[in-house]
Number of protein chains: 2
Amino acid sequence: MSDLPPIPVTGPLIVEETCPPRRIHALLSTKWTSMVLYCLSFGALRTGQLQRSMPGISQKMLTQTLRELERDGLVARTVFQVMPPMVEYSLTPLGWRFVEPLRALYGWADDNCDALDELMDNRQRAG
Amino acid sequence: MSDLPPIPVTGPLIVEETCPPRRIHALLSTKWTSMVLYCLSFGALRTGQLQRSMPGISQKMLTQTLRELERDGLVARTVFQVMPPMVEYSLTPLGWRFVEPLRALYGWADDNCDALDELMDNRQRAG
DNA sequence: CGGGATCCTTCAGGATACTG
DNA sequence: CAGTATCCTGAAGGATCCCG
C-alpha cells in the first residue's frame, strides 16, 4: 500500500504489442486460465474437484482450458489406470512460476475489497 | 522469486462467482482496461497520446474503455476549452489504488520474459 | 468419471464514415 | 483533435449428447 507516485518519463510510454505486459495480459485475460492455475496452486486436483472449485465453469471450458495449459507446459496431467477413470492435474515447475504474480494479484483483491466495492458502487450510480 | 510451496487446505478451495479474485479478473480481463490504467500511471495523457501509447487500439475502443473507467471512478476526464479540442485523462485516487497490483503484475512479466518465452516455445512445439 | 464432438448464441471489439 | 454512430464478424464460451 505504498504511495506509487507518477514516474516521470522523458518520452511517451509505448506499450508494444509484444511487450511482456501485453503477453501476460493475453494469457490471463481468458475467462478461466488464471482461476485454474490459482486453484491448482493449492494442490493437485481431479477434474470433478476442479470443476466444483470454480462454480459456473462448464465441463467443456474446463477441459479446453486444461488442454491449453497442458500444451503451454503449465499444467501436468496424470492418468490413473483405474475404473472408473481418475485423472489428476497439477502445476509444472513452469506453471509454479506464474503462481507468484497471480497470488499477488488475488491477494491484493482480498485485502482491498473496499476498493472493488467502491468501484461497483460508482458503476451502479452511473446506471 | 520465492518457493511458494503448496498451501495445505482442509477442505477444497472454492472460488465463488463474487469473490475478490473473480471480481478483479472480470475488471482486468477486458482487452484494454488494464493497459489504459497502466499507461496513465506514468502520467496524465491526452487522447491522442494515449492511443499512440497502445499500438493496435482503435479509436472506438479507446473512447469506450475511457468512458467505462470514468463511470467506475478510476479515471478523471479534464476538458480544456480551446481550439482545437484538448482533453486530458488522469487517474483518480481510487484508480491509483489499482495501479499497485498492476505494476506488480507487469513488473513480474518484465522480469520473467524467459518464462513467457518458454511458454510460447511449448505452444509452438505443440502446433 | 473424464472427455470428445456439435451446435448455437452472444458480444467484444474492429472498420468506417461523419460531426464540431 | 476528440468523439459519436453504424455496421459487421470472429471467436469465446455455453448447452447438449454421446462414448469408454
Side-chain angles (χ1 to χ4, degrees), chain A residues 12 15-17 22-23 25-37 39-40 43-72 75-90 123 126-127, chain B residues 12 15 17 22-37 39-40 43-72 75-90 123 126-127:
Chain A
V15 186
E16 310 282 356
E17 277 98 339
R22 287 249 210 150
R23 292 206 280 161
H25 175 265
L27 176 70
L28 301 182
S29 64
T30 52
K31 190 161 185 181
W32 300 107
T33 306
S34 49
M35 288 304 153
V36 169
L37 290 175
C39 286
L40 290 181
L45 289 173
R46 298 180 56 187
T47 313
Q49 295 177 314
L50 209 36
Q51 184 161 14
R52 282 186 296 276
S53 295
M54 297 175 289
I57 192 174
S58 68
Q59 195 267 353
K60 173 197 164 187
M61 285 317 294
L62 176 59
T63 331
Q64 181 175 314
T65 305
L66 286 168
R67 291 293 165 278
E68 288 164 2
L69 287 171
E70 219 185 323
R71 177 201 58 185
D72 292 348
V75 161
R77 181 172 182 266
T78 311
V79 181
F80 297 88
Q81 293 298 351
V82 294
M83 271 303 286
M86 173 166 156
V87 177
E88 196 177 74
Y89 293 94
S90 58
R123 192 175 292 190
Chain B
V15 185
E17 277 98 341
R22 287 248 210 150
R23 292 205 283 162
I24 191 68
H25 175 264
L27 177 70
L28 301 181
S29 64
T30 52
K31 190 160 186 182
W32 300 106
T33 307
S34 50
M35 288 304 152
V36 169
L37 290 176
C39 287
L40 290 182
L45 289 173
R46 299 180 54 187
T47 313
Q49 295 177 314
L50 209 36
Q51 184 161 14
R52 282 186 296 277
S53 295
M54 296 175 289
I57 193 175
S58 68
Q59 196 266 355
K60 172 197 165 186
M61 285 316 295
L62 177 58
T63 331
Q64 181 175 313
T65 305
L66 286 169
R67 292 294 166 277
E68 288 165 1
L69 288 171
E70 220 186 323
R71 177 201 58 186
D72 292 348
V75 161
R77 182 171 181 266
T78 311
V79 181
F80 298 86
Q81 292 298 352
V82 294
M83 270 303 287
M86 175 167 155
V87 178
E88 195 177 75
Y89 293 94
S90 57
R123 191 175 293 190

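Lettering follows sequence order; numbering is per chain, from 1. Fair warning: this is a prediction, and the values are worked out from it, not measured in the lab.
- Mapping heavy-atom proximity under 4.0 Å, the span of DNA chain D touched by chain A runs 5' to 3' from D:dG13 to D:dG20.
- Taken from CG in A:Leu62 to OG1 in A:Thr47, the straight-line distance is 6.5 Å, to the nearest 0.5 Å.
- Listed by chain and number, the residues in a side-chain hydrogen bond (donor to acceptor under 3.5 Å, both in side chains) with B:Thr30 are B:Thr33 (sequence neighbours excluded).
- Taken over five-pair windows at either terminus, the axes of the helix from C:dC1-D:dG20 to C:dG20-D:dC1 are inclined to one another by 40° (rounded to 10 degrees).
- With rounding to the nearest 0.5 angstrom, the CG atom of B:Leu37 is 9.5 Å from the CG atom of B:Asp72.
- For the pair B:Met35 CE and C:dG13 C1', the computed distance is 16 Å after rounding to whole Å.
- Distance check, rounded to the nearest 0.5 Å: CE of A:Met54 to SG of A:Cys39 gives 5.0 Å.
- Of the residues in residues 59-67 of chain B, those with a non-hydrogen atom less than 4.0 angstrom from any atom of DNA chain D are B:Gln59, B:Lys60, B:Thr63, B:Arg67.
- Note on B:Tyr89: only backbone sugar-phosphate atoms sit closer than 4.0 angstrom, heavy atoms only; bases stay farther off.
- Under the side-chain hydrogen bond (donor to acceptor under 3.5 Å, both in side chains) criterion, B:Arg77 pairs with B:Tyr89, not counting sequence neighbours.
- In this entry the distance linking CG of A:Leu45 with C1' of C:dC1 reads 15 Å, nearest Å.
- Residue pairs satisfying the salt bridge (Lys or Arg N to Asp or Glu O under 4.0 Å) criterion with at least one member in residues 45-60 of chain A, sequence neighbours excluded, are absent.
- Partners of B:Arg22 under the side-chain hydrogen bond (donor to acceptor under 3.5 Å, both in side chains) rule, at least two apart in sequence or in another chain, do not exist in this structure.
- To the nearest 0.5 angstrom, B:Met35 atom CE is 12.0 Å from B:Thr65 atom OG1.
- Residues forming a side-chain hydrogen bond (donor to acceptor under 3.5 Å, both in side chains) with A:Arg71 (at least two apart in sequence, or on another chain): none.
- Residues passing the salt bridge (Lys or Arg N to Asp or Glu O under 4.0 Å) test with A:Glu68: none are found, sequence neighbours excluded.
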Show the numbers, then the answer: is there a side chain to side chain contact (heavy atoms under 4.5 Å, CB included) between B:Leu66 and B:Leu50? CA-CA 10 Å; B:Leu66 286 169; B:Leu50 209 36; 3.9 Å; yes
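- B:His25 places no side-chain N or O within donor-acceptor distance of the main-chain N or O of A:Trp32, the cut-off being under 3.5 Å.
- For DNA chain C, the neighbouring residues in residues 22-34 of chain B, judged by any heavy atom under 4.0 Å, are B:Lys31, B:Trp32.
- Every residue two or more places apart in sequence or in another chain was checked for a side chain to side chain contact (heavy atoms under 4.5 Å, CB included) with A:Ala26, and none qualifies.
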